[in-house]
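Worksheet: one structure, shown below.
Values reported hereafter were calculated over all heavy atoms of this structure, with side chains retained and with hydrogens, waters and symmetry mates removed. Atoms within a ligand are numbered from 1 in the order they appear, just like the ligands themselves.
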Amino acid sequence: MFGRQDLPKARRVIVKVGTSILTHGTGKLNLEQMEKLVRQLADLSNRGHQVILVTSGAVGAGMGRLGLEKRPKSVPEKQACAAVGQGILMHMYEKLFAEYGLVVAQVLLTRDDFAFRERYINAGNTLEALLRMNVIPIINENDTVAIDEIRLRFGDNDTLSALVAGLVRGDLLILLTDIDGLYSANPRVDPTAVFIPEVAEITPEIEAMAAGAGTNLGTGGMATKLQAAKIAVESGVAMVIARGSRPNALREIMNGAEVGTLFVPNETPLPGYKRWLAFGSASSGRIHIDAGAAEAIVSGGKSLLPCGITGAEGEFQSGDMVSIISPDGLEVARGVTQYSADQVRRIMGKQCQDIEAVLGVKGVDEVVHRDNLTVMVSRHIG
Ligand SMILES: Nc1ncnc2c1ncn2[C@@H]1O[C@H](COP(=O)(O)OP(=O)(O)O)[C@@H](O)[C@H]1O
Ligand SMILES: N[C@@H](CCC(=O)OP(=O)(O)O)C(=O)O
């Protein structure tokens with residue numbers, strides 16, 4: 001059984017730091033905190049671990065420099081703050097890592113870089129090349145171009161860090177925030193909340209523990225951290241949420257000490273392509289299915305045939321990614337369709353041998369083949 005004793009063996013470690021620990025309440029950078037963080041990361045690298053840093057704080061740092069006291073509401077203003085702040089953040093990281101003789105690289109990603117498989121593979125190759133060169137990649141969302149609609153689908157940097165961890169087949173993802181880890185309820189609101197040291201399975205009860213957003217400067221609170229945990233554990237990556245201001249938090253975690261909340265990785269993680277289907281890809285439409293088809297796909301590992309389809313939404317083409325929706329409205333699977341939306345509407349409910357008569361061509365039997373399909377039931381993220 002995976003446990004804390006396995007953490008020292010983690011070779012590739014992704015560390016995400018939230019705005020709440022990188023900036024003061026004033027919005028300006030918390031320099032002491034950044035120095036401590038960089039020192040620990042440099043030490044991890046010196047110990048032979050491969051380190052990737054996912055950093056928030058661009059909007060916060062920009063606010064500080066522009067003298068704004070509240071996080072702006074409009075998207076262009078937030079993006080303007082990020083454009084000012086990202087340079088300030090990188091300048092500090094470059095300076096601090098250089099003191100320990102380490103080279104850093106800025107990598108800015110958007111949701112689309114994960115949704116398009118070619119870009120996803122390219123981003124992975126670049127990160128591999130940087131790690132081979134002993135460079136520390138410093139990743140943030142490309143806020144100036146990530147429009148709100150797309151941002152919402154990304155969630156925030158918690159989700160981004162988990163997608164990155166899956167992309168590079170990381171061993172451990174550490175989310176450093178302003179609280180010790182997961183509690184049974186938000187302890188800032190509920191004084192009876194108890195600390196949860198380890199989560200072996202992310203059940204609906206665990207999900208219910210994470211309520212709403214956190215601080216004025218941070219964005220997602222615990223809810224987005226649990227979404228990140230779902231992606232990480234299904235990708236075979238262990239995850240720890242811990243307080244970033246704790247002195248030597250990273251060293252203690254890497255030594256296997258009981259610090260923060262540990263999320264145990266799945267013993268049979270999704271393979272690379274199915275992982276991308278589940279978490280990276282963006283769906284172009286929805287195919288509705290009946291209860292029998294849902295059972296065959298989820299429990300039987302079967303392909304989706306026309307006879308189990310009850311409807312199609314959207315204008316997808318053959319080769320597009322589609323969400324497969326059960327009668328209770330849940331996305332039970334996601335996969336690549338071999339028929340367009342128009343064709344699906346014409347062959348739905350029919351037997352395979354009738355496809356030729358309806359479409360005038362002899363097509364394949366499977367609307368979505370099981371090789372190109374991933375079951376989402378337990379993996380639904382948001
Ligand atoms: N069940 C919970 N356990 C711990 N913290 C919680 C819980 N529910 C909500 N929170 C809030 O989540 C906050 C951390 O999230 P956030 O402010 O987004 O940090 P970050 O900027 O590091 O991403 C905590 O300060 C706390 O107020
Ligand atoms: N890209 C944004 C980060 C937004 C975000 O996810 O913030 P947080 O919840 O503090 O991790 C920034 O750099 O300000």
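For E128 against R12, the heavy-atom pair with the smallest separation is OE2-NH1, 2.8 Å. In this structure, R334 and M321 approach most closely via the heavy-atom pair CG-CG, 4.0 Å.
Residue-to-ligand polar distances place M209 within reach of ligand 1: an N/O pair is separated by less than 3.5 Å. Geometrically, ligand 2 and A58 share a nitrogen or oxygen pair separated by less than 3.5 Å. Checking only distances, S184 never comes within under 3.5 Å of ligand 1, N or O to N or O. For a threshold of 3.5 Å applied to N or O pairs, the pair formed by P187 and ligand 1 contains no separation below that value. Below 3.5 Å of separation, one finds an N or O of D143 facing an N or O of ligand 2. Considering backbone and side-chain N/O atoms, D158 never comes within less than 3.5 Å of an N/O atom of ligand 1.
Every residue meeting the ring-ring contact (aromatic ring centres under 6.0 Å, His included) condition with Y183, not counting sequence neighbours, appears here in chain and number order: F195. L31 is linked by a side chain to side chain contact (heavy atoms under 4.5 Å, CB included) to L29, M92, counting only residues two or more places apart in sequence or in another chain.
Here is the list of ligand 1 atoms found below 4.0 Å of a heavy atom in G221: 12 (O), 15 (O), 16 (P), 18 (O). Counting the atoms of ligand 1 from 1 in the order shown, those under 4.0 Å from a heavy atom of R188 are 24 (C), 25 (O), 26 (C), 27 (O). Taking every heavy atom of K16 and a limit of under 4.0 angstrom, the matching atoms of ligand 1 come to 23 (O).
D143 and Q86 are not linked by any side-chain donor-acceptor pair at a separation below 3.5 angstrom, with hydrogens and angles left out of the test.
Using a 4.0 Å cutoff on heavy atoms, Q86 does not count as a contact of ligand 2. Residue contacts with ligand 1: G181 is included, with a non-hydrogen atom under 4.0 Å away. Ligand 1 is approached by A185 to a heavy-atom distance shorter than 4.0 Å. Using 4.0 Å as the threshold, A82 has no heavy atom nearer than that to any atom of ligand 2.
For the residues L89, N157, D156, N140, the heavy atom positioned nearest atom 13 (O) of ligand 2 is part of N140.
A donor-acceptor contact shorter than 3.5 Å links the side chain of R275 to the backbone of G166. In this structure a side-chain-to-backbone donor-acceptor pair under 3.5 Å is missing from T19 to G60. With T310 contributing its side chain and D290 its backbone, the two residues share no donor-acceptor pair below 3.5 Å.
Salt-bridge check for R4 with E198: failed, with every basic side-chain N at 4.0 Å or more from each acidic carboxylate O.
In N186, the parts holding a heavy atom less than 4.0 Å from any atom of ligand 1 are both the side chain and the backbone.
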